[in-house]
Amino acid sequence: MNDRNGRSRELDEDADQVAVEEAAPLAPRLIYEVIRRNGEEELERPLNSLAWSAVAAGALISFSLIGEAVIRAHLPDVAGRYLVENLGYSLGFLVVIMGKMQLFTENTITTVMPIMADPCRAHFRRAAALWGLVLSANVVGALAAALFFTFTAALPPEIYAAALELAQHATGYDPATGFARAIPAGILIAAIVWMLPQAESAGFFIVLVFTWLIAAGDFAHIIVGAVEMWMALLAGLLTPGDALLHFFLPVLAGNVVGGTAIFTLLAWGQVREEVKRQGR
């Protein structure tokens, strides 16, 4: 009888321990480990798979611009319209991030974590190759979307006009302003990646709110910006030189600084000693 009671108490304690562990949020070291493993998997994927995934991401992220344009075109120009229309900006990110497609700004943290753990030449070389491939393919996908929306009747005239208005605004900053406004966007995308491993069903809302904040804060994202850049170029609202030197390169640099030099380094700093103690 006493043995049965003892075993029963042990089972209850084990069940309680499991319940506590399931209810507890992931420790920062475990979040780091999830992202590091994801980064390792990305670095090992076939280049052809990465390229197609990145082209799809570049094309589908265009729905951030189109979603915002649809709301702008159908709402009266009243106070508060700006905050509502920016909900449309989240649409492309929801498709791309929840669909696990290759988006360059996610790689500013995902593929950098393995380098933090083991800063060897092979990791640097593989990460650089992946960055170059994904960025190039994202830009190609963005061009494909811009060509489609510009030279077909896919968009009603009022929505196309609203999209051009948004594109002209997004690409109209001087280089220093574009660089500065891209830093918070890089930080916010990296923050999404950091939070998703423990988000579970809340992942949808994390992506929705944080990407809405990018638009509401008038921050700059290089891949949505690439769609806007191509549409402005195709409409004759932007010259190639201004597109590259005044918009693309400064915004790209700002996103990398925000996602890697700021957020990833800070995230690594809080887990570095624990990771070392675990032997990784």
Report the C-alpha distance between R45 and E41 in whole Å, list the side-chain angles of each, state the deciding distance to 0.1 Å, and finish with yes or no for salt bridge (Lys or Arg N to Asp or Glu O under 4.0 Å).
CA-CA 6 Å; R45 287 183 65 187; E41 290 174 5; over 6 Å; no
Counting C-beta onward and ignoring hydrogens, is there a side-chain heavy-atom pair between W194 and F263 closer than 4.5 Å?
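Touching, per the 4.5 Å side-chain cut-off.
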Under a single-linkage definition using a 4.5 Å side-chain heavy-atom cutoff for Ile, Leu, Val, Met, Phe, Trp and Tyr, are V227 and I159 assigned to the same hydrophobic cluster?
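Linked within one cluster.
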Would you find a donor on one side and an acceptor on the other, under 3.5 Å apart, between the side chain of [X] and the backbone of [Y]?
X: S136; Y: G132; answer: yes
X: S62; Y: A145; answer: no
X: T150; Y: A146; answer: yes
X: N255; Y: A220; answer: yes
X: W212; Y: L83; answer: yes

Can a donor-acceptor pair be found between the side chains of Y82 and D77 at a distance below 3.5 Å?
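Result is no, nothing qualifies.
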Among N107, T260, T111, which residue meets the side-chain hydrogen bond (donor to acceptor under 3.5 Å, both in side chains) test with W131?
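In the set N107, T260, T111, the residue that makes a side-chain hydrogen bond (donor to acceptor under 3.5 Å, both in side chains) with W131 is T111.
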Could you tell me whether R37 and E42 have a side-chain N and a carboxylate O separated by less than 4.0 Å?
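Salt bridge flag = no for E42 with R37.
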More than 12 foreign heavy atoms under 6.0 Å from CZ of F63: is that the case here?
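12 or below, so no.
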Of the non-hydrogen atoms in A190 and I109, which two are nearest, and what is the gap between them?
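Closest pair (atom of A190, atom of I109, distance): O-CD1, 3.9 Å.
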